[in-house]
Amino acid sequence: MKRFALATTAIDVDAEKRRLDDSRAGACVLFEGWVRNHNEGRSVIRLDYQAYAPLAESEGEAIMAEAMARFDLRAALAVHRTGSLAIGDLAVWIGVSADHRNAAFEACRWIIDEIKLRVPIWKNEHYADGESGWLHPDNTPVESDS
Amino acid sequence: MKRFALATTAIDVDAEKRRLDDSRAGACVLFEGWVRNHNEGRSVIRLDYQAYAPLAESEGEAIMAEAMARFDLRAALAVHRTGSLAIGDLAVWIGVSADHRNAAFEACRWIIDEIKLRVPIWKNEHYADGESGWLHPDNTPVESDS
Amino acid sequence: MNYQLLYFASLADRAGCAGETVQSDATGLSALYDELRVRHGFAMDPARLRVAVNGQIVDWSHALADGDEVVFLPPVSGG
Amino acid sequence: MNYQLLYFASLADRAGCAGETVQSDATGLSALYDELRVRHGFAMDPARLRVAVNGQIVDWSHALADGDEVVFLPPVSGG
């Protein structure tokens, strides 16, 4: 069963979350990345996400398998949007279930950090002033050195 | 607007989550505490939660206000069930939204830890062997010294 | 003086009721709890209890007034 | 040799395309990237790029074979 997916349309959060159910689990931690209307002091109107899909999927699966091995979890899932997103849209969803909350919090945090570091997905911000730009992992513009 | 509530029936997670929406927020972290089918090596069949309601509500509100002051959040909400719950039922729901994920993760974790420490709610576990017992915050039985 | 006592969790089980009105000469919380230990056989060390008077957490040194609602709170276990 | 190049993010903008077939004598990734810098004016320091060959992340010392799909990956910014 796949644990990581790219989605070209809205993520079905309810369906994903049901896959976390486990009667042995006492804790569930969910992370949602939403499209913010601002970044580094600039007003953002929309975002485009571009992915190198085959590698993004294999890197994503590798991260999820590593999370299952590193933390005491019952389930871990992640879905990342691609394409054009509006302010408030769900860009990434991560869900984990575990017997205890410590593992659930740590794993969820670890997964989003690894996704941002390793999965080949790029964010292009479109600003209110008409400009746009690709971003670095720390959300600073890549423009100057591309 | 209240940020903490006790619920005597199933928590309406979707309605609560909509109250976290904020176009400035880029991160949302949700915690759900589920009724586990085991604790400390014993098989659990159901749980009862008892609350000293007026104090639970005022302590809960104080925790949420403190979270808003300590962390850089847009919204923070928590709902705790009382009464009889079955395995897999949602016992506590916590949701926070923030511009950045670091604050969202830290605040969500802090809130559930504080609730477990301070809010006057008690958990009575009913075991498969017919016994039952009130629990300490660390989930060990209170029986021996009550 | 009359106090409205409420009991929760293991203390309610031991007292066999959710609350009661108690007539007492005690004006301090420690003295009142000692009376209840005798009456109900509470075994829990007061060092492990918090106390609420009229819906507010108070210090054990809090002075009681006639008619107060008093709750000795066992360690909580919500979440 | 022929290589299938794919471009993403700022490199795609600079190249003006999402990919192309490149004929090259380069058998190493550094040599191939140097050719592409000249051809497209890529300014990004190779130290900041990862490389994937045929869908797998590889080391810059990886030896290329005819027909390989090669992707120079700018720092990612998903999430």
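Convention: sequence-line order gives letters A, B, ...; per-chain numbering from 1.
Heavy atoms of B/Val29 lying under 4.5 Å from chain A belong to its backbone as well as its side chain. When heavy atoms are compared at a cutoff of 4.5 Å, B/Leu47 does not approach chain A at all.
Counting heavy atoms from C-beta on, the side chains of B/Phe31 and A/Leu30 never come closer than 4.5 Å.
Checked against side chain to side chain contact (heavy atoms under 4.5 Å, CB included), A/Ala76 has the following partners two or more places apart in sequence or in another chain: A/Met64, A/Met68, A/Leu73, A/Val96, A/Ile111.
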Scan chain A against chain B and return every donor-acceptor pair whose distance is under 3.5 Å.
unit_1, atom_1, unit_2, atom_2, d
A/Lys17, NZ, B/Glu32, OE1, 3.0
A/Lys17, NZ, B/Glu32, OE2, 3.2
A/Ser23, O, B/Asn37, N, 2.9
A/Ser23, OG, B/Asn37, ND2, 3.1
A/Arg24, O, B/His38, NE2, 3.0
A/Gly26, O, B/Trp34, N, 2.9
A/Cys28, N, B/Glu32, O, 2.9
A/Cys28, O, B/Glu32, N, 2.8
A/Leu30, N, B/Leu30, O, 2.8
A/Leu30, O, B/Leu30, N, 2.8
A/Glu32, N, B/Cys28, O, 2.8
A/Glu32, O, B/Cys28, N, 2.8
A/Glu32, OE1, B/Lys17, NZ, 3.1
A/Glu32, OE2, B/Lys17, NZ, 3.2
A/Trp34, N, B/Gly26, O, 2.9
A/Arg36, NH1, B/Asp99, O, 2.9
A/Arg36, NH1, B/His100, ND1, 3.3
A/Asn37, N, B/Ser23, O, 2.9
A/Asn37, ND2, B/Ser23, OG, 3.1
A/His38, NE2, B/Arg24, O, 3.0
A/His38, NE2, B/Asp99, OD2, 3.2
A/Asp99, O, B/Arg36, NH1, 2.9
A/Asp99, OD2, B/His38, NE2, 3.2
A/His100, ND1, B/Arg36, NH1, 3.4
A/Arg101, NE, B/Asp113, OD1, 3.0
A/Arg101, NH2, B/Asp113, OD1, 2.7
A/Asn102, OD1, B/Arg109, NH1, 2.8
A/Asn102, OD1, B/Arg109, NH2, 3.3
A/Arg109, NH1, B/Asn102, OD1, 2.8
A/Arg109, NH2, B/Asn102, OD1, 3.3
A/Asp113, OD1, B/Arg101, NE, 3.0
A/Asp113, OD1, B/Arg101, NH2, 2.8

